[in-house]
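One structure is given here, and the rest of the page talks about it.
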Amino acid sequence: MKTFKPKTAPGFFDVELRIQWLTQKGDPLNRLNRVIEWEIFNPILESVLRGTAQGPGGRPPFEWLMMFKILVVQRYWGLSDEQVEFWINDRLSFQRFLGLTLADKVPDGNTIWDFREKLVQADAFEKLFVRFKQELENKGLMANEGKVVDATFVDVPRQRNRREENATIKAGNVPAEWADQPHKRSQKDVDARWTKKNAETHFGYKDHVKADAKSKLIEDWRATEASVHDSQVIEDLTKKGDGEVYADSAYRSEDIEKDLAGKEVESQIHERAYRNKPLTEDQIENNRRKSRIRVRIEHVFGFMTQSMGGLYLRYIGKVRNTAAIGLINLIYNLARYEQIVRLDLMKPQAVETG
């Protein structure tokens, strides 16, 4: 019987050499580790998770910071709990990012779910987002020279309900017959909503974002059902000191203009045409000028959909999906900050990593 013989015998430095190759190829996780001081998140994790330790001597079975970084890996690649467990065991780049070796035990899918659920129930992802935003402000990357506001859809698994059930859910209630079917009820998202835009149908939520016009970092965000119009959130996102606010014509209304003026914020929202009242040449030119700034928000959403795991979530309910949207926004800021530092995009602040 023939046996397989490797062309080269395994060596002591094989793993190290493979890691070096990954670094040369531009491992994005390694780039994050080089510039992000992950320890800044520890106080929040400790305040949320203190008292939940279950390991020997009262210690947590796995370090909390490493578990949080697992959630970063998971969301960056859009993986399920079981998938991220598998890929951590399989990929050297994931292990290096998490500080694991081939000999270390990897948390299983249930452990990852349980850890994330604790953070969700404590509203920790909003706190983690704010903590990193403070770091960005300290480095001068939130310049308040102008903001861009927009929203994007975040889809979730589509529900297959009867028409009567959908009517009940839309009215804000839960179908009575589901009370006797707890397993079915646990799989039903009664918070997500249907909507249609540009002939595309969406079911789920929206990520409403305010980004710094210069750095393209996310300063603030809100999560709503997909059916909520973009313009309903801008008043909550904007504040005095924003300077100028750029947005597309969907945000144009007298109430919004008054709200921005009251906050001493200059509106750079696109003007819109109305029936029997087309835009003038000056208005068209003004919109074109505003577009050069407003389009930067598309770079934010483009990164989420193309370089991250996309904007599709597997979770049930608004609480869990809001937490996931917050994590998406935080990871975008982490990745964008790394890019600013690596490419030296905003001198001189970007050279500081401490």
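For the pair Met66 and Leu98, the tightest heavy-atom approach, listed with the atom from each and the gap, is CG-O, 3.5 Å. Across every non-hydrogen atom of Ala273 and Pro278, the tightest pair is CB-CA, 4.1 Å. Nearest heavy atoms, Val300 versus Ala211: CG2-CB, 4.5 Å. Taking every heavy atom of both residues into account, Glu225 and Asp191 meet most closely at CG-O, 3.1 Å. For Val72 against Ile331, the heavy-atom pair with the smallest separation is O-CD1, 3.7 Å. Scanning all heavy atoms of the two residues, the minimum distance from Gly317 to Asp189 falls at N-OD2, 3.0 Å.
Proximity of a side-chain donor or acceptor of Asn333 to a complementary backbone N or O of Ile218 within less than 3.5 Å is detected. The main-chain N or O of Asn89 is found under 3.5 Å from a side-chain atom of Gln95 such that the two form a donor-acceptor pair. Listed for the Asn198 side chain is no donor-acceptor partner under 3.5 Å among the backbone atoms of Glu200. Remark: the backbone N or O of Asp255 is not paired with any side-chain donor or acceptor of Asp259 at under 3.5 angstrom. Counting only distance, with no hydrogens or angles, the side chain of Lys318 and the backbone of Thr224 share no donor-acceptor pair below 3.5 Å. Under a 3.5 Å cut-off, the side chain of Thr322 and the backbone N or O of Val319 do not form any donor-acceptor pair. Judged purely by atom type and a 3.5 angstrom limit, Lys206 uses its side chain to pair as donor or acceptor with the backbone of Val228. Here the side chain of Arg34 pairs no donor or acceptor atom with the backbone of Arg342 at under 3.5 angstrom. In this structure, Arg252 contributes its side chain and Ile269 its backbone to a donor-acceptor pair below 3.5 Å.
Residues Gln339 and Tyr337 have side chains that never bring a donor and an acceptor to within less than 3.5 angstrom of each other. In this structure, a donor-acceptor pair under 3.5 Å is absent between the side chains of Asp114 and Thr111.
Judged as a side chain to side chain donor-acceptor pair (under 3.5 Å), and not counting sequence neighbours, the contacts of Ser80 are Gln83. When the ring-ring contact (aromatic ring centres under 6.0 Å, His included) test is applied to Trp113, no partner is found at least two apart in sequence or on another chain.
A ring-ring contact (aromatic ring centres under 6.0 Å, His included) check over residues 269-303, counting only residues at least two apart or in different chains, returns the pairs Phe303-Tyr332. Within the structure, the ring-ring contact (aromatic ring centres under 6.0 Å, His included) test picks out the following pairs touching residues 28-48 (sequence neighbours left out): Trp38-Phe97, Phe41-Phe68. Here salt bridge (charged side-chain N to carboxylate O under 4.0 Å, His left out) pairs that include residues 74-88, with residues two or more places apart or in two chains, are Asp81-Arg116. Sequence neighbours left out, the pairs with a member in residues 200-220 that pass ring-ring contact (aromatic ring centres under 6.0 Å, His included) are Phe153-His202, Trp194-Phe203.
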- Output, in order, the C-alpha distance, side-chain angles, deciding distance and verdict of side chain to side chain contact (heavy atoms under 4.5 Å, CB included) for Trp221 and Phe129. CA-CA 10 Å; Trp221 62 276; Phe129 177 90; 3.7 Å; yes

- Would you sort out whether Thr238 and Lys210 count as a side chain to side chain donor-acceptor pair (under 3.5 Å), showing the intermediate values? CA-CA 8 Å; Thr238 53; Lys210 179 177 74 172; over 6 Å; no

- Message: Using the rule given for side chain to side chain contact (heavy atoms under 4.5 Å, CB included), can you reason through Phe125 versus Val120, listing the C-alpha separation, both sets of side-chain angles and the distance that settles it, and then say yes or no?
- Response: CA-CA 7 Å; Phe125 291 105; Val120 168; 3.9 Å; yes

- Could you check Arg96 against Asp27 for salt bridge (Lys or Arg N to Asp or Glu O under 4.0 Å), going step by step and ending with a plain yes or no? CA-CA 10 Å; Arg96 172 169 65 171; Asp27 175 9; 3.1 Å; yes

- Message: Could you walk me through whether Val154 and Tyr312 satisfy the side chain to side chain contact (heavy atoms under 4.5 Å, CB included) test, starting with their C-alpha distance in whole Å, then the side-chain angles of each, then the deciding distance to 0.1 Å, before giving a yes or no?
- Response: CA-CA 6 Å; Val154 181; Tyr312 179 84; over 6 Å; no

- Task: Could you please spell out the steps behind the side chain to side chain donor-acceptor pair (under 3.5 Å) verdict for Glu285 and Gln283?
- Result: CA-CA 5 Å; Glu285 180 57 35; Gln283 289 174 319; over 6 Å; no

- Query: Hey, mind stepping through Glu266 and Val245 against side chain to side chain contact (heavy atoms under 4.5 Å, CB included) and telling me if it holds?
  - Reply: CA-CA 6 Å; Glu266 184 177 349; Val245 168; over 6 Å; no

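Once rounded to the nearest 0.5 Å, the distance linking OG of Ser267 with CD1 of Ile256 reads 8.5 Å.
Hydrophobic clustering keeps Val295 apart from Ile293 (ILVMFWY residues linked when any side-chain heavy atoms are closer than 4.5 Å, directly or through intermediates).
Here the options are Arg336, Lys133, Lys239, the test is salt bridge (Lys or Arg N to Asp or Glu O under 4.0 Å), and the partner is Glu219; only Lys239 passes. Here the options are Asp212, Asp242, Asp220, the test is salt bridge (Lys or Arg N to Asp or Glu O under 4.0 Å), and the partner is Lys147; only Asp212 passes.
Summarising the local packing, NZ of Lys258 is surrounded by 12 or fewer heavy atoms from other residues, nucleotides or ligands at distances under 6.0 Å.
The shortest distance between side-chain heavy atoms of Val156 and Tyr315 does not fall below 4.5 Å. When side chains are defined from C-beta on, Asn138 counts as touching Glu135, because their heavy atoms get closer than 4.5 Å. Counting only heavy atoms from C-beta outward, the side chains of Leu311 and Asp155 never approach each other to under 4.5 Å. Within the 4.5 Å cutoff, the side chain of Asp123 has no heavy atoms near those of the Val48 side chain. Contact check for Ser291 versus Tyr246: no side-chain heavy atoms found under the 4.5 Å cut-off. Using a 4.5 Å heavy-atom cutoff, the side chains of Leu100 and Phe94 are not in contact. In this structure, the side chains of Asp150 and Arg294 come closer than 4.5 Å at one or more pairs of heavy atoms. The shortest distance between side-chain heavy atoms of Tyr76 and Pro28 falls below 4.5 Å.
Using a 4.0 Å cut-off between charged side-chain N and carboxylate O, Arg320 and Glu117 make a salt bridge.
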